[in-house]
Amino acid sequence: MSVVEVERPAPRPVRTAPPAQRGVVAIGIAVAVVLGLAVANAAGWKMTVLYGVGLALGLVLFHSRFGFTSAWRQLITVGQGRAIRAHMLMLGVASVLFAGILGSGYSLSGTPEPQLQTAGLGVVFGAFLFGVGMQVGGSCASGTLFAVGSGQTAIIFTLGGFIAGSVFTAFISPFIKSVQSIGPKVSLAETPLGYAGGVLITLVIIGVVVGVSLLVERRRTPPPIDQPPIAKGVLRALRGSWPLWVGAVLLAALNAATLFVSGSSWGITSAFALWGAKILGWIGVDVSGAPFWQDPENAAKLTASVLTDRISVMDFGIMVGALIAAALAGAFTLHRKIPWRMAVGAVLGGIMMGIGARFAGGCNIGAYFSGIASFSLHGWLWGVMAIVGTYAGVALRPLFGLGNPKPSDAVC
């Protein structure tokens, strides 16, 4: 019995990056400097360092095109697992670095705290809803920030929905807390070997995920992935695309740096409720009576400058860093015409992610990335449920004018 070889479409020729947009680069650098000085004045040197980490995250996310939304979509639609394996590399490196920091009990801001949450009903519901939302909205939490920074105007609708959904959750926070309490809080580091055992268990799970992704690829024979434009020589570091493995290692290192400087791991979405409350306050709508803002710690954030909020400052850094990176690559583009169906999908997807992130105790960064790196079982549960949600989101994408990869595509 002969084996018939499936001929895959050849990848498109590698494109050369267009010239840098020097004017936009200059504007981006000016914004970065002014904002950095404002952060230093408002919150001191540690917050300024974290702002710098945010800038670096924006550069890395853009140059490596490191995706979460597309990674899950490619895996379930055409069996392409390369991006998922990049996730696993990122998680493996981060878990080793986190083990060193958490195990030492030392950070520049006191005892570092792992991102440990309950692995229960809140994660099941929230991650599923987030998985649907990121496919309909066109991006995840980190993707939303670096896409907005790089000029993808349609994603502004996603960010708006994200903020709206987050504002809504402030009014139902007691219910969210009750749902989040259903389930166990499990740390993989609670073994006789401590964090070393947690790393070992995490690496075993990562090995299983990598093996499954390779098995899926072997059975599905996915088409090749088109390569983004690159620059030649040393300019590639500033203007071209980076290999996914480089992005994975750098993201892991930057998350560990966040933990070491601030005592807490990288997160994104908790800032969106604050931004929404601030915006509403500026136009005369007071939401301080919402249950979420009755908590003394949250109330203090609402009255303080947004530049003193760690998550907000890093989010700003990501957007500005992505702006500079996109302009250096000649890829900063503002889209003036956005189909109405895509805009509606972006807003709805953002709302679902805003609500889902709060139920799940975080997004693809705060729950999935930082959760797994912190050896919290809820991080793995988040990933599983986000994939389940991705199936539903992929089915809904055509309703909003969004396409999905097909096995016959030359590009995933």
Side-chain angles (χ1 to χ4, degrees), residues 67-77 81 83-88 90-91 94-95 115-144 158 161-162 165-166 169 172 175-188 201-202 205-206 208-210 212-213 216 265-270 348-397 404:
F68 293 84
T69 303
S70 59
W72 283 306
R73 184 167 64 245
Q74 289 170 359
L75 180 68
I76 70 168
T77 54
I84 290 294
R85 291 192 291 276
H87 287 193
M88 295 304 107
M90 175 188 72
L91 295 170
S95 67
Q115 178 64 9
L116 187 60
Q117 302 287 342
T118 56
L121 185 59
V123 177
V124 170
F125 172 72
F128 172 80
L129 189 62
F130 195 98
V132 177
M134 67 182 176
Q135 296 303 331
V136 173
S139 65
C140 56
S142 54
T144 294
T158 306
F162 232 137
S166 300
T169 62
I172 60 169
F175 174 68
I176 292 175
K177 286 183 179 180
S178 67
V179 173
Q180 289 175 334
S181 67
I182 302 173
K185 187 177 290 188
V186 179
S187 171
L188 302 182
I201 295 171
T202 299
I205 298 173
I206 286 172
V208 171
V209 174
V210 169
V212 170
S213 75
V216 170
S265 53
W266 181 22
I268 287 179
T269 56
S270 64
L348 291 177
I351 291 173
M352 285 188 281
M353 287 189 287
I355 296 173
R358 296 283 57 79
F359 271 94
C363 60
N364 58 295
I365 299 300
Y368 173 63
F369 183 8
S370 293
I372 291 175
S374 296
F375 309 102
S376 180
L377 181 62
H378 93 284
W380 290 110
L381 178 60
W382 195 101
V384 170
M385 293 310 303
I387 291 179
V388 176
T390 295
Y391 276 95
V394 163
L396 292 173
R397 279 171 64 86
N404 291 312

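Given the structure is predicted, the values throughout are model-derived calculations rather than measurements. Heavy-atom basis, side chains included; hydrogens, waters and symmetry copies ignored.
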field: Residue pairs involving residues 382-397 (criterion side-chain hydrogen bond (donor to acceptor under 3.5 Å, both in side chains); sequence neighbours excluded)
entry: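 Those involving residues 382-397 are Arg397-Asn404.
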
So the side-chain hydrogen bond (donor to acceptor under 3.5 Å, both in side chains) pairs with at least one residue in residues 356-365 (sequence neighbours excluded) are Ser142-Asn364, Thr269-Arg358

[atom1]/[X] to [atom2]/[Y] distance, rounded to the nearest 0.5 angstrom?
X: Ser95; Y: Met90; atom1: OG; atom2: CE; answer: 10.5 Å
X: Ser265; Y: Ile365; atom1: OG; atom2: CD1; answer: 10.0 Å
X: Phe162; Y: Cys363; atom1: CZ; atom2: SG; answer: 6.0 Å
X: Ile206; Y: Ile201; atom1: CD1; atom2: CD1; answer: 12.0 Å

Residue list, side-chain contact (heavy atoms from CB on, under 4.5 Å) with [X], at least two apart or on another chain:
X: Ile372; answer: Leu91, Thr202, Tyr368, Trp380
X: Ile84; answer: Ala71, Trp72, Leu75, His87, Val209
X: Ile172; answer: Phe168, Ile176, Phe359

Heavy atoms only: give me the nearest [X]-[Y] pair and the separation to one decimal.
X: Ala392; Y: Phe128; value: CB-CZ, 4.2 Å
X: Gly362; Y: Ala367; value: C-CB, 3.6 Å
X: Arg85; Y: Ser213; value: NH1-OG, 3.1 Å
X: Met134; Y: Thr69; value: O-CG2, 3.2 Å
X: Met353; Y: Thr158; value: CE-CG2, 3.6 Å
X: Ala127; Y: Met385; value: CB-CB, 3.7 Å

Heavy atoms, side chains only, cut-off 4.5 Å: are Arg73 and Gln135 in contact?
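In contact.
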
Problem - Ile182 vs Thr118 side-chain heavy atoms within contact, under 4.5 Å - result: no

query: Can you name the residues that form a side chain to side chain donor-acceptor pair (under 3.5 Å) with Ser376, not counting sequence neighbours?
result: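 Expected list: His378.
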
